[in-house]
Amino acid sequence: MRILKIIIVLFFYTSFLYGNEILLLHSYNKGLKWTDGISKGVEDVMKKYPQYELTTEYMDSKKIESDQYFEELLVLYRKKFAHRHYKAILVADNYAYEFALKYHEELFPNTPVVFCGVENFNPIDITPYHKPYFTGVVEYKDIRKNIELIQQLFPAIKMVYIMSDDAYSSLVIKDQIIEESNYFKDKFRVVFDNEIDFDKIDEKINKLPRHSAILFTSFYRDINGKYVPYHKLQAFFQRSKFPVFAINHIHLNEGVLGGFVVNPYEQGSLAAKNAFALIQGRDIHTLPVQIPRGTYIFDNHVLRKFGIPLSDVPSPSEVINGVESFYEKHQKFVENAFALMPLLLLLTTILILNVIKRISFEKELLRQNKLDYVLLNNIQSAIFWKANDGKILGCNDLLCEILEREKYDIIGKHVQEVMPTICDAIQEVPLDNLQSAEIEISIPYREKKIFSTRRTYYTDEKNHEAGVVTILTDITEKKRIDTERKRHEQFVIQRSKQSEVGEMIASIAHQWKTPLVEISAIAQELIYKRRKKSLDEEDTQKFVEDIMTQVKYMSNTIDDFRQFIKPSTKQTTFNVREAIDSLLNVLNHSVKYNYITLNILQEGSTPLLAFGYPNEFKQCVLNIINNAKDSIIKKRETKPTEGMINIELKSDENHIYLDISDDGCGIEKKNLESIFDPFISTKENGDGFGLYMARLIIEDKMGGKIIAKQKENGAQISIRVNKAKGDA
């Protein structure tokens, strides 16, 4: 009995000891700044969860990476992890990540894995088996941004020398470095070098042209397989006669000027936070793979070494080694200023008294100047003001241009004398009216002008009414443009519609393939049967009916296309569901061709009759569906998605509501309103005209409303149009 009690106690003790354990598996060795930075990020998060214990393992792949070594390491880990159960596995960098992918089912079954520091991440590596267990943080080193930074700080740059090694972690981003370097090949030379004998590095650097800079990516072993410790890299950075930029936070404060860098601490911290979120029950599908954005960071000592002021670095940026205080930079000036302080105070007092005295003498002049500058020079309208007796006291140059008279020939004269032909029209405009009035003015030997006119009283120093200010704004061109815009609005909409025609023609071509094949087969069968026997009337009729069935299908397709192209000349009552169905008859093949499912959901079976322009309405829906399709295709480039477009129809007493949603890339919150502006597009080659025309048709022409909404997974465009009268 006593032995049984001891066994039970040992069982509970072992469960407690290993029940809350988290494994951190590093690809590299302890002592590397990158590795230690990730560990520090993980450990700082762990401090918030004292009930959990962290176990850290190092694969030491920077110093040894042979196949035999990894086979022996696997044997060791099989023994080491055989009877250990972890709450979560954190893996750092590519070796550990690939090891966890390959042996997860054997070594860590049913255990979530959060990776970090992984370069060239490919979502395809996460197989259906791994998806319920794997998520993490990708390490993306932005080479292009760093080369752009070098060009910004050194505009005369002739060569950027990219320094790397041939270790596995460097090779996985080699293609990315070369590809992004090619972007600058027409501006200056970019040389990528990963075949470096570090003992002869100074000879290579001294052969670089005068205007050069060095971009340091990663360097642990030289071409001879010799491991290069940190202190040798630091000495190289400090003695380099060319500025050295880095893409990794760990190299700052060692002689590197700066760069757009990734931070190992951030990688470890984010991975640990995600791990605890999973431990606490969060669904792994709500924790997608993250790509933290890099940050600009600079060493102020090195900036000064190469003569670069802080004002030239991008903002926002982090600067280490501080900025000199004003006193440090101007110590002698400050000390002299304090010595002369009594004299400065006396001079300041005299200057203040002098300014006050001048203000008293210039008060009247400043009042007049203020009126001149504020009212005359800052208003792009003709303006004049007159006294209560009708005499003009002042005006601006624009009034002189309109009247074709000099200012001296206007000021001091009665308004009736200066502008007899327009005086009566101006006098009829009500005073202090919130709404401006439009008047038409005929000037001899010139075309008629339309002015927006406002009149208001102005007062003197005692707040008494002193006269009237009149403002004339020329709106002739605006009225002409408004008239022209209304006249060509339908033409612009039709032009926008034609931008969608190409894709619809492609869809028609695909839909015609099947009936054309059928007609060809019928023709072959006809020839075959005629060779066997003479055809009677019944056989001939059957062949004709089969052919006409296919021709009718093709004819219906082209009729739907013609109906879409034809502009609607006036508002009519139309069935919203039938309009969408006819549009999809042409578009359906294009959607299916891209493996996208399109569903139409309608509340009830009552016909939804709207009042407006049916063909233009179809144009709006077509544009939105095409945008949804493109968004899904774009998302599939980086993430898996089902590919679903849903169209929901519903109504109330006065309106019909149409919601078109997708599971594509979605819309950023800041773009929800601006996405309808002209020339604003999230597509690489988009013209930003489609959604602008959709808003113009729905809101301006049909009196409805169109808005964009965010979804948890994708985007939604909601349209509201008016019901036809009698259909409430």
Side-chain angles (χ1 to χ4, degrees), residues 481-501 504 560-587 600-604 606-628 645-661 672-678 680 687-709 715-728:
I481 291 173
D482 287 346
T483 302
E484 191 74 12
R485 180 183 62 82
K486 291 177 182 178
R487 187 153 55 92
H488 291 288
E489 188 175 78
Q490 184 59 43
F491 172 75
V492 174
I493 292 173
Q494 189 68 8
R495 284 286 301 276
S496 174
K497 180 189 295 185
Q498 290 173 356
S499 68
E500 307 290 344
V501 167
M504 294 188 71
D560 289 336
F561 175 69
R562 290 177 60 195
Q563 187 65 21
F564 171 81
I565 289 297
K566 184 172 64 177
S568 303
T569 57
K570 63 180 181 178
Q571 296 193 74
T572 59
T573 298
F574 66 95
N575 189 311
V576 172
R577 177 60 185 267
E578 290 179 358
I580 295 174
D581 288 341
S582 67
L583 173 64
L584 295 183
N585 285 340
V586 181
L587 188 65
I600 302 179
L601 308 174
Q602 178 178 343
E603 289 185 357
T606 305
L608 301 178
L609 301 181
F611 185 71
Y613 299 91
N615 288 344
E616 281 70 13
F617 176 80
K618 293 178 188 177
Q619 176 187 351
C620 298
V621 176
L622 171 64
N623 184 272
I624 295 167
I625 292 175
N626 278 336
N627 284 349
I645 300 175
N646 292 322
I647 302 176
E648 298 183 32
L649 286 166
K650 53 188 175 181
S651 66
D652 57 22
E653 293 183 357
N654 300 310
H655 302 101
I656 297 172
Y657 301 93
L658 174 66
D659 294 331
I660 304 175
S661 59
L672 286 176
E673 184 61 28
S674 63
I675 199 170
F676 292 102
D677 294 342
I680 301 296
D687 56 15
F689 206 53
L691 288 179
Y692 165 69
M693 294 307 303
R695 171 171 278 185
L696 176 66
I697 293 166
I698 296 298
E699 296 188 356
D700 292 359
K701 292 179 69 65
M702 295 180 61
K705 185 69 177 177
I706 181 170
I707 59 173
K709 298 179 181 178
Q716 177 174 314
I717 302 295
S718 296
I719 298 174
R720 184 195 72 206
V721 294
N722 298 324
K723 270 190 173 182
K725 291 182 179 179
D727 189 46

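Positions are given from 1 along the sequence.
D652 and K723 get closest at one heavy-atom pair: O-NZ, 2.9 Å. The minimum heavy-atom distance between F574 and P614, with the atom names listed, is CG-CB, 3.7 Å. The two residues I645 and I625 make their nearest non-hydrogen contact at CD1-O, 4.1 Å. The minimum heavy-atom distance linking H655 with N722 is given by the pair CD2-OD1, 3.3 Å. Between Y657 and S651, the shortest heavy-atom contact is CD1-CA, 4.1 Å. Across all their heavy atoms, R577 and Q602 have their closest contact at NH1-OE1, 3.1 Å.
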- Task: Please test N627 against I717 for side chain to side chain contact (heavy atoms under 4.5 Å, CB included), starting from the C-alpha separation and ending with a verdict.
- Result: CA-CA 10 Å; N627 284 349; I717 302 295; over 6 Å; no

- Task: Take I580 and I600 through the side chain to side chain contact (heavy atoms under 4.5 Å, CB included) test and state the conclusion after the steps.
- Result: CA-CA 9 Å; I580 295 174; I600 302 179; 4.0 Å; yes

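Listed for the Q716 side chain is no donor-acceptor partner under 3.5 Å among the backbone atoms of D659.
No option in V721, L658, I656 other than I656 meets the side-chain contact (heavy atoms from CB on, under 4.5 Å) test with L608.
One distance of note links CG of L649 with CD of E603; it measures 9.5 Å at 0.5 Å rounding. S661 contributes atom OG, which lies 6.0 Å from atom CD of E648 (distance to the nearest 0.5 angstrom). Atom CD1 of I660 is separated from atom CG of N646 by 10.5 Å, given to the nearest 0.5 angstrom.
Side-chain contact between V576 and L609 is absent, with no heavy-atom pair separated by less than 4.5 Å.
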